[in-house]
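All of these numbers come straight from a predicted model, not from anything done at the bench.
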Amino acid sequence: MNPEDCIKYADIINIGEGYISLPKLVKSITEDWHDVTIPNIWIKDKTHIIKNKTNFLIKDLDTIPFADYSDDNKLFIDNNKIYYTNYNNHINKKYHIMSSLDCPFSCSFCCNNQLKYKNASIRRRTVENIIQELEIAKKIYQFQYVEFWDDVFTIDLNWLQAFTDEYKKRVNLPAFCYSQASTVNEDIVNKLHEAGIKKVTLGIQSGSERIRKESYNRYGTNKQIIEAANLFNKHKIFVNYDFIIGNPEETNNDMKKSFELILKLPHPLALSVSSLLYFPNCEITVRHLKNNLITRKDVEDISKKALKKFGLLIKLNSNKNYCYWSFMYFLAGYIKLTKTFKEILISKRFYKFSILIIVPIYYILQTMVYLQRKYPIFKRKVHL
């Protein structure tokens, strides 16, 4: 995302996709002929930087070898020590896989929008290719759950129909995927249900259509979101909703609209309320820097706050408004609020004294999260 800065700390960097360029680079180095003209590769020389153009874009994803998570022929570096076994292997009853590359959307805050090739269309592996990888991996790792990490899994009904038939027949495990409300209809959700999708994540970001359109470059209506939510609920697919908080372009009324939208979503559900992150060179980062809404210290390459800001329940902050609305989102997502209770929560009197309630609840939640991570006895059982 920020090659100009990265090359200051490295001898060689790869920009763009590395499926073709990295093997070429490795071959060049190991055979000691040092090709300095490989597309996608930047090389720092003693006097200057060689910046080759970004050309390689693999079109047929089936030509990419399957992911290899084995320990064979590998060394693992962790905390400045070398190991022959990967003790942090992510496969723990779950297998992560992607059936496609690129995203149909161009969200102003998203690193994917910054990274993807211009004019690149969505590329997708064939159903047979996906199923073969899962069959092989299932024998090796014996996982019990599949997570599809495509940016939007629900973009093609025809592909999904073919996938559902083969997945049920040859894999038949519960699964998770990402979706987007504007790509959802009855047929799509029905196929997800048939395939065994038990959970989806829907990126909402804001309940304000103005913020979604003007700030995040996200189109679609709240009506579409509610319709999609009801379809998933109808087919008993659990939904996690992503919201963003801390956008300086949001007004109090915009945040109230998010709260009201959450109240309309069918239970059971889960919320991931995350602080707005400013990745280098993203559209919203450039705009907020230009308008003096943030400083360079807020940009992720300096702040390094990403891992601490995703999926927050309640976030304490010097900004009382920020604390208040993160608390309100939490309540709306986990409790079915009556009309009377809602009116109390959004009253000026409650807002005035809300911090007295938010602080103790915040520390109780933090303690619960700590106990769940530290001690197995406190871990919640996940019903698939």
Is the shortest side-chain heavy-atom distance between [X] and [Y] below 4.5 Å?
X: Val239; Y: Tyr241; answer: yes
X: Leu101; Y: Met98; answer: yes
X: Val152; Y: Phe105; answer: yes

Scan side-chain atoms only and decide if [X] and [Y] contain a donor-acceptor pair under the 3.5 Å cut-off.
X: Ser99; Y: Arg124; answer: yes
X: Asp45; Y: Thr47; answer: no
X: Asn321; Y: Tyr351; answer: yes
X: Asn247; Y: Tyr216; answer: yes
X: Asn252; Y: Trp325; answer: yes
X: Tyr95; Y: Gln144; answer: no
X: Asn217; Y: Ser108; answer: no
X: Glu186; Y: Asn190; answer: no
X: Ser215; Y: Glu249; answer: yes
X: Asp68; Y: Ser70; answer: yes

Listed partners of Lys169 passing salt bridge (charged side-chain N to carboxylate O under 4.0 Å, His left out), at least two apart: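 For Lys169, the residues satisfying salt bridge (charged side-chain N to carboxylate O under 4.0 Å, His left out) (neighbours in sequence not counted) are Glu166.
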With sequence neighbours excluded, residues passing salt bridge (charged side-chain N to carboxylate O under 4.0 Å, His left out) with Asp151: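 In terms of salt bridge (charged side-chain N to carboxylate O under 4.0 Å, His left out), with neighbours along the sequence ignored, Asp151 is linked to no residue.
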Step-by-step salt bridge (charged side-chain N to carboxylate O under 4.0 Å, His left out) determination, Lys24 to Asp35: CA-CA 9 Å; Lys24 283 183 176 289; Asp35 185 354; over 6 Å; no
Can any side-chain N or O of [X] pair as donor or acceptor with the backbone N or O of [Y] at less than 3.5 Å?
X: Asn222; Y: Ser208; answer: no
X: Thr285; Y: Pro280; answer: no
X: Glu31; Y: Ser28; answer: no
X: Arg212; Y: Gly220; answer: yes

Verdict with supporting geometry, Lys8 and Asp5, salt bridge (charged side-chain N to carboxylate O under 4.0 Å, His left out): CA-CA 6 Å; Lys8 296 175 184 176; Asp5 276 358; 3.2 Å; yes
Ring-face cation contact, Tyr278 with Arg287, 6.0 Å cut, 45° max: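 Verdict for Tyr278: no cation-pi partner in Arg287.
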Output field: ring centroids Tyr329/Tyr334 closer than 6.0 Å: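 Ring centres of Tyr334 and Tyr329 not closer than 6.0 Å.
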NZ on Lys51 to CH2 on Trp42, rounded to 0.5 Å: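 Result: 4.5 Å between the selected atoms.
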Lys264: side chain to side chain contact (heavy atoms under 4.5 Å, CB included) partners, not counting sequence neighbours: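 Partners of Lys264 under the side chain to side chain contact (heavy atoms under 4.5 Å, CB included) test: Ile226.
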Results of side chain to side chain contact (heavy atoms under 4.5 Å, CB included) for Ile58 - residues two or more places apart only: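 For Ile58, the residues satisfying side chain to side chain contact (heavy atoms under 4.5 Å, CB included) (neighbours in sequence not counted) are Glu17, Tyr19, Leu61, Thr63, Ile64, Arg123.
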Aromatic plane relationship, Trp159 with Phe153 - under 30° parallel, 30 to 60° tilted, over 60° perpendicular: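 Geometry flag for Trp159 against Phe153: perpendicular rings.
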Phe350 and Tyr324 aromatic ring geometry - parallel, tilted or perpendicular at 30°/60° bounds: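 Taking Phe350 first and then Tyr324, their aromatic rings sit tilted (interplane angle of 30° to 60°).
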Minimum-distance pair of heavy atoms, taken over all atoms of Asp102 and Ser121: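 Where Asp102 meets Ser121 most closely, the heavy atoms are OD2-O, 3.2 Å.
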same_hphob_cluster(Leu157, Leu231) at 4.5 Å side-chain heavy-atom cutoff: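 Looking at the clustering, Leu231 is in the same group as Leu157.
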Carboxylate-amine/guanidinium proximity below 4.0 Å for Glu250 and Arg210: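 No, no charged N to carboxylate O under 4.0 Å.
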Set of residues satisfying side-chain hydrogen bond (donor to acceptor under 3.5 Å, both in side chains) with respect to Ser100, sequence neighbours excluded: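 For Ser100 the side-chain hydrogen bond (donor to acceptor under 3.5 Å, both in side chains) partners, ignoring immediate neighbours, are Asp150.
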side-chain hydrogen bond (donor to acceptor under 3.5 Å, both in side chains) involving Thr126 - partner list, sequence neighbours excluded: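 With neighbours one apart ignored, the set is Asp62.
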Other residues, nucleotides, ligands: >12 heavy atoms within 6.0 Å of Lys213 NZ: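 Check fails, neighbour count at 12 or below.
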Lys138 NZ: over 12 foreign heavy atoms closer than 6.0 Å: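 Atom NZ in Lys138 is crowded, with more than 12 foreign heavy atoms closer than 6.0 Å.
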